[in-house]
Each structure stands twice: as C-alpha cells, then as structure tokens.
Amino acid sequence: SGLLFITSFLVAAFNYRYHWHTIPSIVPYIASIIFLIGYALYAEVLREYAWLSRTIEVQENQKVVDTGLYGIVRHPMYSATLLLFLAMPLVLGSVVSLLCFLLYPVLIIKRLKNEEALLEEELDGYKEYHDAVRGEGAFEKLDHNARIYAEKNGSQKLGANIAINKINRDSVADTLRYVKESPFIQS
C-alpha cells in the first residue's frame, strides 16, 4: 500500500505540472469537506478504540467495542480511511490520481477478510457483536444458505469449525448436535 500512496501522489503532482486533466474548481472544495469529515471520523475511532494496530492481531485484554461509531458500522476506521483516501486526490485536483487510489478499497477488502477471520476466532464476544451489527438471525441465515448450497451442489457437503471461548462454551454441546444432525454439514 505504501507504493500505492507514493505513486498516487506523484501522479497528482505530474497531473498538476503537465495539466493532464483538469476538474471543475468546486470539486476540490467539496472533496476537502469530505476529507475533513473522514478525518473527524478517524479521530473519533482513535478515541473510541484503544487497541488499534497496524498489524492484524488480538492484544492482551482487548475487548469488543460496540458503542459509538462501532455500534453503527463494524469497521468505522476503514470507512473513515476510504473517505480520506478517495477524497485526497480530488483535493489535489487529480482525477488521474483518483484512478490510482481506486486500488485502495481492494486492499482494504483483503485486509478485512483476514481481520474478520482472526477476530471471530480469537476475540471473545466478536461473533455476538457481528450478529448485533448485521442483525438478529445471522445463524438462521447461515443455515438457510447452507441448505441452498447443498441443493445446488448435490452431495458435496460443507465443513464446520468452532472456536470454543467463554461466551460459547455453554452451547458447544448444542452446536455439535446441530452439526451432527445437519444433512448439509460433514462431521
């Protein structure tokens, strides 16, 4: 991602110097407002969540935060950085640089998939937070989708994994019974 940023800023500088493409003069002002909103949201994320890290890891005594921005969006830091990094090239007046920065959401999605997997496995309470943000019935949706998958793929069955923690330890027997009885899951 560092190479992406360097390239995008160089492209913006060359765009300005050689007038590759110009945008209406109002666009940088609107983009500046969006950038400031993104910056304010990012500052709020820093205030709300003490365990932010450049690397994907679960830290000692880390807890799920489900209030403030985290009560609205599961990943407000990434939402804020999307606003920041997609507004930045327009603040600089460069549509060409914006095209470079369109790779940023792809990088974020890759990171999010890795982070989600780690948090669900290692952070107590994350699944409940996930369901609370996604809405009630996430398990039922999973069961429904497993049935649809089985109908489309015939005899090919799904596998199941479970990480046991203090939140779900009392329901492990029920989960194992569900997996054993499900015709869609290989146990």
Side-chain angles (χ1 to χ4, degrees), residues 1-13 15 23 26-142 145 161-163 165-168:
S1 66
L3 184 59
L4 169 69
F5 291 103
I6 292 169
T7 302
S8 298
F9 285 119
L10 287 173
V11 166
N15 182 72
I23 58 176
I26 190 70
V27 172
Y29 293 108
I30 294 169
S32 295
I33 292 168
I34 293 169
F35 182 87
L36 291 172
I37 291 168
Y39 193 79
L41 290 172
Y42 191 80
E44 179 61 17
V45 167
L46 291 174
R47 190 189 70 74
E48 289 180 9
Y49 199 65
W51 296 280
L52 286 178
S53 173
R54 294 187 75 200
T55 58
I56 300 172
E57 63 184 349
V58 174
Q59 300 173 29
E60 189 176 334
N61 299 320
Q62 184 171 345
K63 294 177 178 54
V64 173
V65 175
D66 60 359
T67 58
L69 294 176
Y70 284 89
I72 301 168
V73 180
R74 281 198 354 241
H75 297 286
M77 182 184 73
Y78 296 126
S79 301
T81 60
L82 282 172
L83 288 175
L84 287 169
F85 297 134
L86 295 178
M88 195 178 323
L90 296 176
V91 170
L92 298 173
S94 178
V95 173
V96 181
S97 181
L98 175 63
L99 295 175
C100 294
F101 266 109
L102 288 177
L103 287 174
Y104 183 71
V106 174
L107 296 174
I108 289 297
I109 290 168
K110 184 178 182 215
R111 181 180 169 97
L112 274 172
K113 286 181 180 182
N114 293 334
E115 187 172 326
E116 285 283 319
L118 178 82
L119 292 175
E120 283 186 18
E121 185 175 316
E122 295 187 16
L123 184 60
D124 287 344
Y126 188 77
K127 175 151 180 11
E128 288 75 10
Y129 165 66
H130 181 271
D131 286 348
V133 173
R134 283 199 168 185
E136 289 296 320
F139 179 79
E140 289 78 12
K141 290 176 195 173
L142 173 66
N145 289 332
N161 295 311
I162 182 171
N165 58 45
K166 65 182 179 185
I167 293 175
N168 71 357

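For reference, positions follow the sequence shown, starting with 1.
- Pairing each heavy atom of Val11 with each of Cys100, the nearest pair is CG2-SG, 4.0 Å.
- In this structure, the side chain of Glu48 does not engage the main chain of Gly68 through any donor-acceptor pair within 3.5 Å.
- A heavy-atom distance below 4.5 Å is not found between the side chains of Met77 and Tyr49.
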Name every donor-acceptor pair, under 3.5 Å, that has one atom in a side chain of residues 28-45 and the other anywhere in the protein, sequence neighbours excluded.
unit_1 : atom_1 : unit_2 : atom_2 : d
Ser32  : OG     : Pro28  : O      : 2.7
Glu44  : OE1    : Arg47  : NE     : 3.1
Glu44  : OE2    : Arg47  : NE     : 3.4
Glu44  : OE2    : Arg47  : NH2    : 2.7

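- Between the NE2 atom of His75 and the CG atom of Leu69 there is a distance of 13.5 Å, given to the nearest 0.5 Å.
- Considering every non-hydrogen atom in both Ile23 and Val27, the closest pair reads CD1-CG1, 3.6 Å.
- With hydrogens and angles ignored, the 3.5 Å screen pairs no side-chain donor or acceptor of Ser97 with any backbone N or O of Ser94.
- Screening Val96, Val95, Leu92 against Asn15 for a side-chain contact (heavy atoms from CB on, under 4.5 Å) leaves a single residue, Val96.
- Atom OG of Ser8 sits about 10.5 Å away from atom CZ of Phe85, to the nearest 0.5 Å.
- Ring pair Phe9/Phe101 is perpendicular by interplanar angle, where above 60° counts as perpendicular and below 30° as parallel.
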Next item on the list: Would you check, one step at a time, whether the test side chain to side chain contact (heavy atoms under 4.5 Å, CB included) holds for Leu102 with Leu86?
Entry: CA-CA 7 Å; Leu102 288 177; Leu86 295 178; 4.1 Å; yes

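- For the atom pair CD1 of Ile108 and CD of Glu115, the computed distance is 9.0 Å after rounding to the nearest 0.5 Å.
- The distance from atom CG of Leu107 to atom CG of Leu112, rounded to the nearest 0.5 Å, is 11.0 Å.
- Leu10 has its side chain out of reach of Thr7: every pair of non-hydrogen atoms, C-beta onward, lies at least 4.5 Å apart.
- Residue Tyr104 holds its OH atom at 6.0 Å from CG of Leu82, rounded to the nearest 0.5 Å.
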